[in-house]
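Quick note: numbers below take in every heavy atom, side chains included, and nothing from hydrogens, waters or symmetry partners. Just so it is clear: chains get the letters A, B, ... in the order the sequence lines come, proteins before strands, and each one is counted from 1. This structure is a prediction, so every number in the text was calculated from the model and none was measured.
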Amino acid sequence: MACLFDHQKQLLPGMEAEKILTAAVQEAMRALYGAELKEEEILIQQTRREFAGDLTVVVFPFLRYSRKSPADTGEELGRYLTGHIGMLSRYEVIKGFLNLSFSMEYWSELLNRLIRSGHHGLGDLDPLNGKVVVEYSSPNTNKPLHLGHIRNNLLGFSISRILEALGSEVVKVNLVNDRGIHICKSMLAWKKSGKGETPASSGKKGDHLVGDYYVLFEQEYRKQVEELKKQGMAEEEARRRAPLIVEAQDMLRRWEEGNEEVRELWAMMNEWVYEGFDETYRALGVDFDRIYYESETYRLGKSLVLEGLEKGILHRRADGSVWADLSEDGLDEKLLLRSDGTSVYMTQDLGTAQQRYEDYRFDRHIYVVGNEQNYHFQVLKLILKKLGYDWADSLYHLSYGMVELPEGKMKSREGTVVDADDLIAGMVDTAREMSKELGKLEGFDPAEIEEILRMIGLGALKYFILKVDPKKNMTFNPRESVDFNGNTGPFIQYTYARIQSVVRKAGETGRTVAAELPGGYVPCEKERDLIRILAGFAATVHEAGREYNPAVLANYLYELSREYNQFYHDHSILGAPDEDTIHYRLLLSVYTGRVIARGMYLLGIDVPPRM
RNA sequence: GGACCCGUAGCUUAAUUGGAUAGAGCACCUGACUACGGAUCAGGAGGUUGGGGGUUCGAGUCCCUCCGGGUUCACCA
């Protein structure tokens, strides 16, 4: 089975140095101590910021060969390496760590190559061939999208772009849960008390309208349950026998029978919801290559289960229900068909996966789904494997943590659910206030200003969510999310806008940005620091893809922006003493801008020309 | 109860997958070129990485244990 990411060292720009160094260390160990080392025994890492150097060789593992102190071993190794590798300019041994520095010329040449290549180093990677299906969003159609969906959408969209940048063919799919009891609840409530209200008649967004009736259903239903309990009925029975739920279930039954009236109502209300969702997706800037509907897939899986039954992989109980026994794998038994022969959720997902494979013959299938379904996906994979589908191994559950509020979890009952549309609008409003205060966009075209404010508001929101490790639960603090200073999206956007401003200024003084760095210029330390980070872009994207973790890239872009702002503060670009320096710094700045733009694109965040 | 996940400064978080003195941002305090954009930059203060034990030259990271929090184990989806 195709494995998209092997864990061998890949040739990365700026990291080819690591490869050369590894070989050189092997040679040095042979020459100095007669030791034959395997590649895995040599640990090379980037030198920590507080020390001088670019790459660090950890010498502790070598002591058993050298039989000398860490200091002496490092010293001997350092002397040998700098003597044999031209691009090394110096070394320093600190407590068992050998820090090596590359010459400024090396860095400058590397930057030149990156600029010439036009792909920011991404083209130097082994391309990640293969087809990847990414399923994300997957909303129910009875309620508008909320904060949790936003995290899901941003993750799915960003990881799609990252994998694409690494060379994969990506298919973004959305599986819309458009049928079931929850939709019937909205339908029933609308039928009973909607008085024909439509999005057009009320001016409400379709998904919100349908959501309101869902809430109404739940309220009325709860009243009925309370009433029955007061009459002495047990809670569980009351919940099952309340007239409203009975009616909703009857509606579901008629839906499944294909009752025309029910189907028509269903189609109409779902259509309202889709129009609403589309608007939210558009505002968020995410899209899909294909949309699946559960109403078209929910019957899948049954034949697959029956097949498994025939082969003796699954078993039938006396009551007729069908089960998978997973006790060998440390799990329980899992129901796949009810005693009346109908499917459950798992059955459906088994079938959907199989159909996906037939549709796309993917090399990998990523499900962006919350971590409350970890168990579900573990079982899904296991059963598919038992059924003999070897592609089961290429299913990957990109499991992300819950989004909580400072007060705790979002609860629809308590009305603390953060609505996606409200949130987006709020962020743009904050950007507007902020911009007005700073007065930077005065005098520009109103439409352009609005576009920029949208970029900033959304940039803040998206970055705030994407910068944290997907696996972790995160706290969404509305107050902090609208902060535009520090480790935020607008900080990175600002850095980009600032660079564009310098370029414009350069144009005003009659300068154009050169295609190549001026030959003889030797960068200073701050410039070298910046180049070093720029050189790490491709490796960072690769890591983000390998780990399915856009946060890696987000934090890289912050780091890069911080470094650039320091450089900017310390050194004048257009006021530099000579033309070579001006052109060097100008092109360095422009290239930084390109990397920021490219990286932000991979996160699904736009960058403004000014802000 | 079984399985899985999480716990890092007041708050939000990072740590190159076992490496150096645990790094940032917010908030708080102090400063910055008569400005190529101050939505910036520099400095200060803030940590027993939930507690305890173990493995290792070396542990936030691996193992055990305890404490605290979460998710899940439905003839629901």
Side-chain angles (χ1 to χ4, degrees), chain A residues 43-51 56 58 60-61 63-64 70 94-97 99 140 177 179-182 294 298 317 319-323 330-332 334-340 342-346 348-349 370-376 378-379 399 401-402 404 406 409 431 434-435 437-438 440 456 464 467-469 471-477 479-481 483-488 490-491 493-495 497-506 508-509 536 539-540 543 547 551-552 555 558-559 561-562 565-566 568-576 582 585-586 589 610-611:
Chain A
L43 185 62
I44 293 171
Q45 54 194 236
Q46 285 170 41
T47 305
R48 297 187 72 118
R49 291 193 68 85
E50 59 265 38
F51 301 102
T56 294
V58 184
F60 291 108
L63 304 184
R64 45 190 280 248
I94 300 173
K95 301 204 312 194
F97 296 89
N99 298 331
N140 290 353
N177 186 4
R179 53 131 247 143
I181 190 69
H182 45 286
E294 277 200 17
Y298 79 107
R317 284 190 187 169
D319 63 3
S321 58
V322 178
W323 298 74
L331 302 172
D332 300 327
K334 182 75 193 174
L335 176 85
L336 295 176
L337 290 178
R338 299 188 185 101
S339 47
D340 63 4
T342 55
S343 298
V344 294
Y345 178 52
M346 180 62 74
Q348 202 183 119
D349 262 13
N371 63 10
E372 69 271 13
Q373 297 205 38
N374 284 355
Y375 180 77
H376 175 78
Q378 198 185 345
V379 171
S399 158
M402 295 188 305
E404 292 174 11
K409 291 161 72 171
M434 197 74 128
S435 175
E437 214 172 285
L438 295 169
K440 292 197 180 181
I456 298 170
F464 188 83
K467 76 173 172 181
V468 340
D469 187 333
K471 289 195 299 285
K472 294 192 175 178
N473 288 354
M474 65 170 291
T475 310
F476 185 87
N477 187 328
R479 222 184 32 252
E480 285 175 19
S481 70
D483 201 331
F484 291 177
N485 302 314
N487 188 357
T488 66
F491 172 88
Q493 291 172 317
Y494 172 79
T495 308
R498 190 181 222 187
I499 290 170
Q500 305 319 305
S501 170
V502 175
V503 173
R504 280 194 296 272
K505 200 68 142 213
E508 286 167 20
T509 61
T540 304
E543 190 191 338
E547 309 281 336
V552 171
N555 288 307
Y558 170 65
E559 181 78 9
S561 300
R562 221 158 52 96
N565 282 322
Q566 286 169 17
Y568 181 91
H569 182 265
D570 293 351
H571 299 97
S572 180
I573 298 165
L574 300 176
I582 291 175
R585 289 180 180 165
L586 194 54
S589 298
R610 54 172 63 87
M611 63 189 273

Tell me whether F51(A) and A20(B) count as stacked here, given that the ring centres must be under 5.5 Å apart and the planes must differ by less than 30 degrees.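 F51(A) vs A20(B): stacking yes.
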What do you reckon, do Y375(A) and the base of C4(B) stack, with centroid distance below 5.5 Å and planes below 30°?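 So Y375(A) does not count as stacking on the base.
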Is the shortest side-chain N/O distance from [X] to OP1 or OP2 of [N] below 4.0 Å?
X: N177(A); N: A77(B); value: no
X: S501(A); N: C36(B); value: no
X: Q378(A); N: C4(B); value: no
X: K95(A); N: G19(B); value: no
X: R338(A); N: A77(B); value: yes
X: K472(A); N: A14(B); value: yes
X: N485(A); N: U40(B); value: yes
X: R64(A); N: C57(B); value: no

Look at the side chain of [X] and decide which nucleotide, out of [options], has an atom nearest to it.
X: Q373(A); options: A20(B), U71(B), A77(B); result: A77(B)
X: Y494(A); options: A32(B), G70(B), G38(B); result: G38(B)
X: Q566(A); options: G37(B), U16(B), C41(B); result: C41(B)
X: P490(A); options: U17(B), A39(B), G70(B); result: A39(B)
X: K440(A); options: C36(B), A77(B), G37(B); result: G37(B)
X: R610(A); options: A39(B), A42(B), G37(B); result: G37(B)
X: R179(A); options: U13(B), A77(B), A24(B); result: A77(B)
X: R48(A); options: C36(B), A77(B), U16(B); result: U16(B)

Give [X] one of three labels, base, sugar-phosphate or nothing, depending on what nucleic acid heavy atoms sit under 4.0 Å from its own.
X: N140(A); answer: nothing
X: I181(A); answer: nothing
X: A506(A); answer: nothing
X: F491(A); answer: sugar-phosphate
X: F464(A); answer: nothing
X: M474(A); answer: sugar-phosphate

Which class fits the ring pair F60(A) and F97(A): parallel under 30°, tilted 30 to 60°, perpendicular over 60°?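 It falls in the perpendicular class, over 60°.
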For the pair made of [atom1] in [X] and [atom2] in [N], what is the distance, rounded to whole Å?
X: K467(A); N: U12(B); atom1: NZ; atom2: P; answer: 12 Å
X: M434(A); N: U40(B); atom1: CE; atom2: P; answer: 9 Å
X: M402(A); N: G69(B); atom1: CE; atom2: P; answer: 14 Å
X: F60(A); N: A20(B); atom1: CZ; atom2: P; answer: 10 Å
X: E480(A); N: A27(B); atom1: CD; atom2: P; answer: 9 Å

Which pair of non-hydrogen atoms, one from S399(A) and one from N374(A), has the smallest distance, and what is that distance?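 Looking at all heavy atoms of both residues, the shortest contact is OG-OD1, 2.9 Å.
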Closest heavy-atom contact between A431(A) and F484(A)?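 A431(A) and F484(A) have their closest heavy atoms at CA-CE1, 3.6 Å.
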Roughly how far apart, to the nearest Å, are [N] and [M] at atom [atom1]?
N: A35(B); M: C41(B); atom1: C1'; result: 12 Å
N: G52(B); M: G7(B); atom1: C1'; result: 16 Å
N: C29(B); M: G10(B); atom1: C1'; result: 15 Å
N: U40(B); M: C73(B); atom1: P; result: 45 Å

Short side-chain to backbone donor-acceptor contact, R585(A) and S572(A), under 3.5 Å: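 At least one qualifying donor-acceptor pair exists.
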Sub-3.5 Å donor-acceptor pair from the side chain of N473(A) to the main-chain atoms of M402(A), do we have one?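 A pair under 3.5 Å: yes.
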Pairing check on [N]: which nucleotide meets the Watson-Crick or G-U wobble criteria with it, both distances under 3.5 Å?
N: G18(B); result: none
N: C26(B); result: G10(B)
N: G1(B); result: C73(B)
N: U48(B); result: none

Is [X] side chain donor-acceptor paired with the [N] base, going by distance under 3.5 Å alone?
X: N99(A); N: A20(B); value: yes
X: T488(A); N: A39(B); value: no
X: K505(A); N: G37(B); value: no

I want to verify the glycosidic state of U17(B); is it syn or anti under the 90° rule?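 Syn, since the glycosidic angle lies within 90° of 0.
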For N477(A) and for I456(A), locate the closest nucleotide of RNA chain B by heavy-atom distance; then report the residue assigned to the nucleotide nearer the 5' terminus.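 On the 5' side of the pair lies N477(A).
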Between D469(A) and K471(A) (salt bridge meaning N to carboxylate O under 4.0 Å), is one present in this structure?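 Between K471(A) and D469(A) there is a salt bridge, with a charged N closer than 4.0 Å to a carboxylate O.
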Are there more than 12 heavy atoms of other residues, nucleotides or ligands under 6.0 Å from atom CD of E437(A)?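 Incorrect, the count does not exceed 12.
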